[in-house]
*Asks:* 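Quick one: this structure, given as structure tokens, is what I'll be asking you about.
These numbers were taken from a predicted model, which means no experiment stands behind them. Order of appearance sets the numbers: ligands from 1, and atoms from 1 within every ligand.
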Amino acid sequence: MTDTYKAVEVSAPGTLRAVRRPISEPGAGQVRIRVEACGICHTDAATVTGIYPGLTLPRVPGHEVVGRIEALGPGVSRWKIGERVGVGLIAGEDGVCEPCRRGDTVNCQNPVVSGVTVDGGYAEVMIAEARGITSIPDELSSAEAAPLLCAGVTTYNGLRNAGLRSGDLVAVQGIGGLGHLGVQFARQMGFHTVAIGRGRDKKKLAKDLGAHLYIDAAVEDAAAVLQRMGGARAILATGTSGAAMGRLVAGLAARGKLIVVGAPEDQIQLSAIPLIFGGRSVYGSLTGTPIDSEDTLAFSVLETIRPMIETAPLEQAADAYARMMQGKARFRMVLVTGQ
Ligand SMILES: NC(=O)c1ccc[n+]([C@@H]2O[C@H](COP(=O)([O-])OP(=O)(O)OC[C@H]3O[C@@H](n4cnc5c(N)ncnc54)[C@H](OP(=O)(O)O)[C@@H]3O)[C@@H](O)[C@H]2O)c1
Ligand SMILES: [Zn+2]
Ligand SMILES: [Zn+2]
């Protein structure tokens, strides 16, 4: 082992640059991880462009991280050197704010955010808070497990916390990194599963992922199709267009829910009428806790759910990121290191 490691950092807005950094020892309550894989999430764009609130540059992006623990900081007893672990976006709560004191740690007001408040996983090495890491089951390779730590837990939690019943009509809008996992979870959770994407080329992929029906929103009015089917009990909106999200409310059944997990830059335009008449609702859901990620991984092993991935070496992070931003990834770019 050398005393430096390779990382890819955002040195200035829009610039991903390979650098070498000195390896440091984990502090109290922290572990040092030798990274094996890191997924490229669309949320990384908020680090690359520099707009994530509270971000300072330079910063190493990446919050779908899997690797092995190689050093333990003082006071860490839960984890062992050599264990394979993962790190997601919200990777350590402060434990003292009001949501934390109410047990709602994912909504901590002062969280450790991988790739934002601390350096993330576009690197050979990452320091993480021991309370913020997730155990990785042997059945999953590191590259397969990585996307489950953000795209996976976000869609899994969004669906499982929506008060749905088996057989309910549930749509997943956006067939990208999040959406292609959302479709698989919806199907395996026992819902009548509709995938809403743009373009004919995604139809076969969506069906292969388990969708009972694919709606091509480029040529069909998705809300109208859902209404003809009786209306969706829930729509998990994973896309990056607020305009497209707002139009979906009209596809909900009475009491139906639009679960916003995609984070578009434009506003979501809403009409009050379908919200009032029919008691429909729109709310957001933020990723999950480390134990939620362990549930996501366990369910994925149980039901043979895997992300569809394209791997690239760490050195090609900028190209892989660009491929994701262009919507070309099928469906998750994963950086692999040290293999
Ligand atoms: N809530 C959370 O905790 C959380 C966690 C992770 C990510 N996110 C957010 O979720 C979003 C998706 O992330 P990702 O990693 O899945 O991104 P991605 O792989 O790049 O996929 C982007 C998605 O956006 C859709 N899309 C793009 N332009 C669109 C348009 N004009 N109209 C409708 N849909 C459009 C695409 O749908 P098509 O299938 O139609 O091409 C695709 O499914 C991002 O905004 C990200 O920041 C939120
Ligand atoms: Zn993410
Ligand atoms: Zn807190």
*Asks:* Quick check: does Ala244 get an N/O under 3.5 Å from an N/O on ligand 1?
*Replies:*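 The answer is no, given that Ala244 and ligand 1 share no N or O pair closer than 3.5 Å.
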*Asks:* Identify the protein heavy atom lying closest to atom 19 (O) of ligand 1, giving its residue, its atom name and the separation to 0.1 Å.
*Replies:*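 Looking at atom 19 (O) of ligand 1, the protein heavy atom closest to it is Gly177 N, 2.8 Å.
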*Asks:* Look at ligand 1 and say whether Arg332 reaches it with a heavy atom at a distance under 4.0 Å.
*Replies:*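 Per 4.0 Å heavy-atom rule, Arg332 contacts ligand 1.
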*Asks:* Would you say ligand 1 has an N or O under 3.5 Å from any N or O of Val261?
*Replies:*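 So ligand 1 has an N or O lying under 3.5 Å from an N or O of Val261.
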*Asks:* Is any side-chain N of the basic residue among Asp119 and Arg59 closer than 4.0 Å to the acidic one's carboxylate O?
*Replies:*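 Looking at Asp119 and Arg59, the cut-off is met.
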*Asks:* Which bit of Lys202 is near ligand 1, meaning a heavy atom under 4.0 Å away: side chain, backbone, both or neither?
*Replies:*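 The answer is the side chain.
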*Asks:* Of the protein's non-hydrogen atoms, which lies at the shortest distance from atom 20 (O) of ligand 1, and what is that distance?
*Replies:*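 Ranking protein heavy atoms by distance from atom 20 (O) of ligand 1, first comes His42 ND1, 2.7 Å.
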*Asks:* If you count the atoms of ligand 1 from 1 in the order shown, which ones are under 4.0 Å from a heavy atom of Cys150?
*Replies:*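 That gives atoms 5 (C), 6 (C) of ligand 1.
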*Asks:* Any donor-acceptor pair under 3.5 Å linking the side-chain atoms of Asp44 with those of Thr47?
*Replies:*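 Asp44 and Thr47 do not have a side-chain donor-acceptor pair below 3.5 Å.
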*Asks:* Looking at Lys328 and Glu310, does any basic side-chain N land under 4.0 Å from a carboxylate oxygen?
*Replies:*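 No, no charged N to carboxylate O under 4.0 Å.
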*Asks:* Look at the aromatic rings of Phe331 and His180 and report parallel, tilted or perpendicular, splitting at 30° and 60°.
*Replies:*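 Answer is parallel, since the angle falls under 30°.
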*Asks:* Taking Asp208 first and then Lys204, would you say they form a salt bridge - that is, a charged N and a carboxylate O separated by under 4.0 Å?
*Replies:*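 A salt bridge is present here (some side-chain N lies under 4.0 Å from a carboxylate O).
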*Asks:* Decide if atom CZ of Phe277 counts as having more than 12 heavy atoms of other residues, nucleotides or ligands within a radius under 6.0 Å.
*Replies:*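 Incorrect, the count does not exceed 12.
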*Asks:* Short list, please: which atoms of ligand 1 are under 4.0 Å from a heavy atom of Thr238?
*Replies:*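 The atoms of ligand 1 under 4.0 Å from a heavy atom of Thr238 are 10 (O), 11 (C), 12 (C).
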*Asks:* Would you mind telling me if ligand 1 is within reach of the side chain of Thr154, the backbone, both or neither, using heavy atoms under 4.0 Å?
*Replies:*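 Side chain only.
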*Asks:* Just which atoms of ligand 1 are under 4.0 Å from any heavy atom in Ser285?
*Replies:*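 Listed by number with element, the hits are 1 (N), 2 (C), 3 (O).
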*Asks:* One residue to check: Ala46. Relative to ligand 1, which of side chain, backbone, both or neither has a non-hydrogen atom less than 4.0 Å away?
*Replies:*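 Ala46 to ligand 1: no contact under 4.0 Å from either part.
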*Asks:* I'd like to know if the side chain of Arg280 and the backbone of Leu252 have a donor-acceptor N/O pair within less than 3.5 Å.
*Replies:*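 It does hold such a pair.
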*Asks:* Going by heavy atoms in the side chains, are Arg330 and Lys202 under 4.5 Å from each other?
*Replies:*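 Yes, close enough: below the 4.5 Å cut-off.
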*Asks:* Gly174 heavy atoms, cut-off 4.0 Å: which ligand 1 atoms fall inside?
*Replies:*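 Under 4.0 Å from Gly174, ligand 1 has these atoms: 37 (O), 39 (O), 43 (O).
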*Asks:* Which of the numbered atoms in ligand 1 are below 4.0 angstrom from a heavy atom of Gln173?
*Replies:*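 Once the distances to Gln173 are compared, the set is 33 (C), 34 (N).
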*Asks:* For atom 21 (O) of ligand 1, what's the nearest protein heavy atom and its distance?
*Replies:*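 So the nearest neighbour among protein heavy atoms is Gly176 CA, 3.7 Å.
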*Asks:* To check your reading of the site, what angle at the Zn ion (ligand 2) do SG of Cys41 and SG of Cys150 form, to 10°?
*Replies:*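 Reported to 10°, the angle equals 130°.
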*Asks:* Indicate yes or no for a side-chain donor-acceptor contact from Asn157 to the backbone of Thr287 under 3.5 Å, with no hydrogens or angles considered.
*Replies:*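 Yes; judged by distance alone, with no hydrogens or angles, the pair exists.
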*Asks:* In the protein, what heavy atom is nearest to atom 27 (C) of ligand 1, and what distance, to one decimal place, separates them?
*Replies:*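 Result for atom 27 (C) of ligand 1: Thr240 OG1, 2.9 Å.
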*Asks:* Under a 4.0 Å threshold between the charged nitrogen and the carboxylate oxygen, would Arg68 count as salt-bridged to Glu36?
*Replies:*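 Result for this pair is yes, salt bridge flagged.
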*Asks:* Would you say that Leu258 contacts Ser281 through its side chain, given a criterion of any heavy-atom pair below 4.5 Å between the two side chains?
*Replies:*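 Side-chain contact under 4.5 Å: no.
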*Asks:* Any nitrogen or oxygen of Pro264, main chain or side chain, under 3.5 Å from a nitrogen or oxygen of ligand 1?
*Replies:*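 No; every N/O pair is 3.5 Å or more apart.
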*Asks:* Quick one: angle Asp94 OD1 - the Zn ion (ligand 3) - Cys108 SG, to the nearest 10°?
*Replies:*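 It is 100°, given to the nearest 10°.
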*Asks:* Which residue and atom name correspond to the protein heavy atom nearest atom 10 (O) of ligand 1, and how close is it?
*Replies:*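 Ranking protein heavy atoms by distance from atom 10 (O) of ligand 1, first comes Gly262 CA, 3.3 Å.
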*Asks:* Salt bridge check, Arg228 against Asp221: does any charged N sit closer than 4.0 Å to a carboxylate O?
*Replies:*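 No, Asp221 and Arg228 are not salt-bridged.
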*Asks:* Does Glu93 bring an N, O or S atom to under 2.8 Å of the Zn ion (ligand 3)?
*Replies:*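 No - counting backbone and side chain alike, Glu93 has no N, O or S atom under 2.8 Å.
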*Asks:* Using a 3.5 Å distance criterion without hydrogens, assess whether the side chain of Ser293 forms a donor-acceptor pair with backbone atoms of Thr134.
*Replies:*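 No: the side chain of Ser293 does not pair with the backbone of Thr134.
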*Asks:* How far is atom 40 (O) of ligand 1 from the closest protein heavy atom, and which atom is that?
*Replies:*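 Looking at atom 40 (O) of ligand 1, the protein heavy atom closest to it is Arg198 NE, 2.8 Å.
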*Asks:* Could you list the atoms of ligand 1 found under 4.0 angstrom from a heavy atom of Gly239?
*Replies:*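 So the atoms of ligand 1 that pass are 24 (O), 25 (C).
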*Asks:* Is it true that Met325 lies under 4.0 Å from ligand 1, counting heavy atoms only?
*Replies:*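 Outside the 4.0 Å threshold, so no.
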*Asks:* Given the rule that I, L, V, M, F, W and Y join up when any side-chain heavy atoms are under 4.5 Å apart, are Val87 and Val153 in one cluster?
*Replies:*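 Each belongs to a different hydrophobic cluster.
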*Asks:* I'd like to check which ligand 1 atoms, numbered from 1 as shown, lie under 4.0 Å from a non-hydrogen atom of Thr287.
*Replies:*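 Answer for ligand 1: 2 (C), 3 (O).
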*Asks:* Any nitrogen or oxygen of Cys41 lying under 3.5 Å from a nitrogen or oxygen in ligand 1? Just yes or no.
*Replies:*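 Checking ligand 1 against Cys41, no N or O pair falls under 3.5 Å apart.
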*Asks:* What atoms of ligand 1 come within less than 4.0 Å of a heavy atom belonging to Thr43?
*Replies:*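 Answer, ordered by atom number: 6 (C), 7 (C), 8 (N), 9 (C), 46 (C), 47 (O).
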*Asks:* Among protein heavy atoms, which sits nearest to atom 32 (N) of ligand 1, and what does the distance come to when rounded to 0.1 Å?
*Replies:*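 Going by distance alone, atom 32 (N) of ligand 1 is nearest to Ser241 CB, 3.4 Å.
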*Asks:* Ligand 1 and Ile175, any nitrogen or oxygen pair closer than 3.5 angstrom?
*Replies:*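 Such a contact does occur with ligand 1.
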*Asks:* Flag the pair Arg187 and Glu303 as a salt bridge only when some basic side-chain nitrogen lies within less than 4.0 angstrom of an acidic carboxylate oxygen.
*Replies:*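 So Arg187 does not pair with Glu303 through a salt bridge.
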*Asks:* At the Zn ion (ligand 3), what's the angle from Cys97 SG to Cys100 SG, rounded to 10 degrees?
*Replies:*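 About 110°, to the nearest ten degrees.
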*Asks:* Report the part of Ala263 in contact with ligand 1, treating N, CA, C, O as backbone and CB onward as side chain, heavy atoms under 4.0 Å; options are side chain, backbone, both, neither.
*Replies:*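 Ala263 to ligand 1: contacts from backbone and side chain alike.
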*Asks:* What distance separates Ser11 OG from Leu16 CG, expressed to the nearest 0.5 Å?
*Replies:*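 If I round to the nearest 0.5 Å, the distance is 8.0 Å.
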*Asks:* Just going by heavy-atom distances, which of Leu178, Asp201, Asn157 is nearest to atom 16 (O) of ligand 1?
*Replies:*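 The residue whose heavy atom sits nearest atom 16 (O) of ligand 1 is Leu178.
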*Asks:* If only side-chain N and O atoms count, and only distance matters, is there a donor-acceptor pair under 3.5 Å linking Arg20 with Thr4?
*Replies:*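 Result is yes, a qualifying pair exists.
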*Asks:* Hydrogens and angles aside, do Arg306 and Ser300 bring a side-chain donor and acceptor to less than 3.5 Å of each other?
*Replies:*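 The answer is no; no qualifying pair exists.
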